[in-house]
Undergrad: 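Below you'll find the structure I mean.
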Amino acid sequence: MNMADQDKELDHLFTQARATRDAFPDDLAVRIETDAEAVRLERLAMAPRRTRRQRLRVIGGWQGLGGLVAASAAGVWIGFSAPAFLPDPVEYLVSQETTYLMADLNLDNEYLEDAE
Amino acid sequence: MEDLTSQPDMAHGSVSAMPEPSDEALLGRFADGDPTAARVLTDRLGPRCYSVALRMLGNRAEAEDVTQEAMMRLWKMAPDWVSGQAQISTWLYRVTLNLCIDLRRRKQPDTLENAPEPEDGAASAIDRMQDASRRDALQDALDQLPNRQRQAIVLRHIEELSNPEIAGIMDISVEAVESLTARGKRSLTAILAGRRDELGYEHG
């Protein structure tokens with residue numbers, strides 16, 4: 001048998017193998033579906049905790065998460081290093097010198113006058 | 001060539017004009033608790049797993065166990081599947097092939113071609129495996145190929161996947177797939193020729 005005949009024989013065996021493929025056993029399908037149902041129920045039984053996939057979906061997937069992280073980082077940065085045209089909130093908090101007291105409102109006299 | 005990795009199994013499909021959901025969409029539905037998605041995925045992916053496992057192992061019971069385990073891994077990883085990272089069928093083929101190799105290693109620490117011949121009359125697992133596949137000359141020959149060649153041959157010539165798909169499954173280059181399938185075919189031809197001579201001697 002020459003090389004071409006041998007190749008032809010091999011191709012014939014491949015064709016035959018594809019044509020006589022074993023049917024997928026019904027009981028195997030049942031076993032696989034039973035496994036799937038067990039996994040599904042177990043997952044549902046686990047706390048109302050969302051899966052990672054579900055949590056991601058709530059905020060718009062990976063793109064949403066990326067946007068959220070970028071926005072948060074920008075917020076923090078602006079908070080500590082505000083652009084010139086914005087008041088500096090850190091300075092406002094740290095160096096606030098004016099103290100307002102209730103007495104400064106000077107309401108008591110007016111109140112007494114009204115009462116009289 | 002028909003793309004078998006992402007299309008639904010039309011042999012089991014309906015005549016509905018609605019497009020079938022992708023494997024990934026179905027897995028997402030399963031992860032979200034849809035009780036019907038698993039059946040469709042099983043019908044679609046199970047037979048492919050089983051076909052590959054059967055040709056890799058040459059034993060129906062083992063192929064069934066490997067298929068069940070591979071599908072179990074699919075169910076478990078469903079919530080963590082990252083959309084677009086790969087084809088689900090590619091992932092599943094890879095898991096199936098790895099399980100087949102693990103099983104063969106557990107059964108036979110040495111490779112099949114180096115294993116000693118079982119003694120006459122011994123009803124060993126190898127005997128039973130060989131009995132089951134004796135009717136199939138191709139299976140006998142496949143059993144004698146090194147793992148990587150057998151994987152490439154089964155995926156290319158039994159499953160009829162494209163070389164790029166096989167490269168993705170085996171995590172090698174397309175050139176390496178071509179080389180493996182070429183060497184595998186040469187080895188099969190030599191094995192079959194030897195077997196023919198042997199049968200001729202036995203029956204001559």
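These numbers come from a predicted model, not from an experiment. Numbers restart at 1 for each chain; the letters A, B, ... are given by sequence-line order, proteins then strands. Any value given below was found using the heavy atoms of this structure, including those in side chains, with hydrogens, waters and symmetry copies removed.
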Undergrad: Measure the OG1-CE distance between A:T34 and B:M72 for me, rounded to the nearest 0.5 Å.
TA: 10.0 Å
Undergrad: Please rank A:R18, A:Q16, A:E42 by heavy-atom pairs under 4.5 Å with chain B and give me the top one.
TA: A:R18
Undergrad: Only one of B:H157, B:K185, B:R186 passes side-chain contact (heavy atoms from CB on, under 4.5 Å) with A:L10; say which it is.
TA: B:K185
Undergrad: Of the non-hydrogen atoms in A:V39 and B:W75, which two are nearest, and what is the gap between them?
TA: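 For A:V39 and B:W75, the tightest heavy-atom pair comes out as CG1-O, 3.8 Å.
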Undergrad: Let me confirm one number: the CD1-SG distance from A:I32 to B:C49, rounded to the nearest 0.5 Å.
TA: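 With rounding to 0.5 Å, CD1 (A:I32) is 7.5 Å from SG (B:C49).
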Undergrad: Which atoms of B:I158 come close to chain A, meaning under 4.5 Å heavy atom to heavy atom: side chain ones, backbone ones, both, or neither?
TA: both
Undergrad: Grab the two heavy atoms, one from A:R40 and one from B:G33, that are nearest each other, plus how far apart they are.
TA: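 Heavy-atom minimum between the residues: NH1-O, 2.8 Å.
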Undergrad: Heavy-atom distance under 4.5 Å between the side chains of A:D22 and B:R60, does that happen here?
TA: yes
Undergrad: Within this structure, what is the CG-CZ distance for the pair B:L54 and A:F24, rounded to the nearest 0.5 Å?
TA: 11.5 Å
Undergrad: Please report the interatomic distance CG(B:L138) to NE2(A:H12), rounded to the nearest 0.5 Å.
TA: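 B:L138 atom CG to A:H12 atom NE2 measures 11.0 Å (nearest 0.5 Å).
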Undergrad: Between CG of A:D35 and OG1 of B:T42, what distance do you get to the nearest 0.5 Å?
TA: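 Reported to 0.5 Å precision, the distance equals 9.0 Å.
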Undergrad: Considering only heavy atoms from C-beta outward, does the side chain of A:R31 approach that of B:D65 to under 4.5 Å?
TA: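 Yes, side chains in contact.
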Undergrad: Please look at B:I153 and chain A and tell me whether the side chain, the backbone, both or neither of the residue comes under 4.5 angstrom of a heavy atom of that chain.
TA: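 Only the side chain of B:I153 comes within 4.5 Å of chain A.
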Undergrad: If you draw a 6.0 Å radius around CG in A:D26, do more than 12 non-hydrogen atoms from other residues or ligands fall strictly inside?
TA: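 For A:D26, atom CG is not crowded (no more than 12 foreign heavy atoms under 6.0 Å).
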Undergrad: Please flag which part of B:D34 lies under 4.5 Å from any non-hydrogen atom of chain A: side chain, backbone, both or neither.
TA: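 Only the backbone of B:D34 comes within 4.5 Å of chain A.
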Undergrad: Does any backbone or side-chain atom of A:A38 lie under 4.5 Å from a heavy atom of chain B? Answer side chain, backbone, both or neither.
TA: neither
Undergrad: What is the minimum heavy-atom distance between B:S51 and A:R21, and which atoms define it?
TA: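 Taking every non-hydrogen atom into account, OG-NH1, 2.9 Å.
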Undergrad: For residues A:R43 and B:A31, report the shortest heavy-atom separation together with the two atoms involved.
TA: NH1-CA, 3.9 Å
Undergrad: Picking from B:T189, B:V82, B:L41, which has the most non-hydrogen pairs under 4.5 angstrom with chain A?
TA: B:T189
Undergrad: Would you indicate whether the side-chain heavy atoms of B:L188 and A:F14 approach each other to under 4.5 Å?
TA: yes
Undergrad: I'd like to know whether CZ of B:R39 has more than 12 heavy-atom contacts from other residues, nucleotides or ligands below 6.0 angstrom.
TA: no
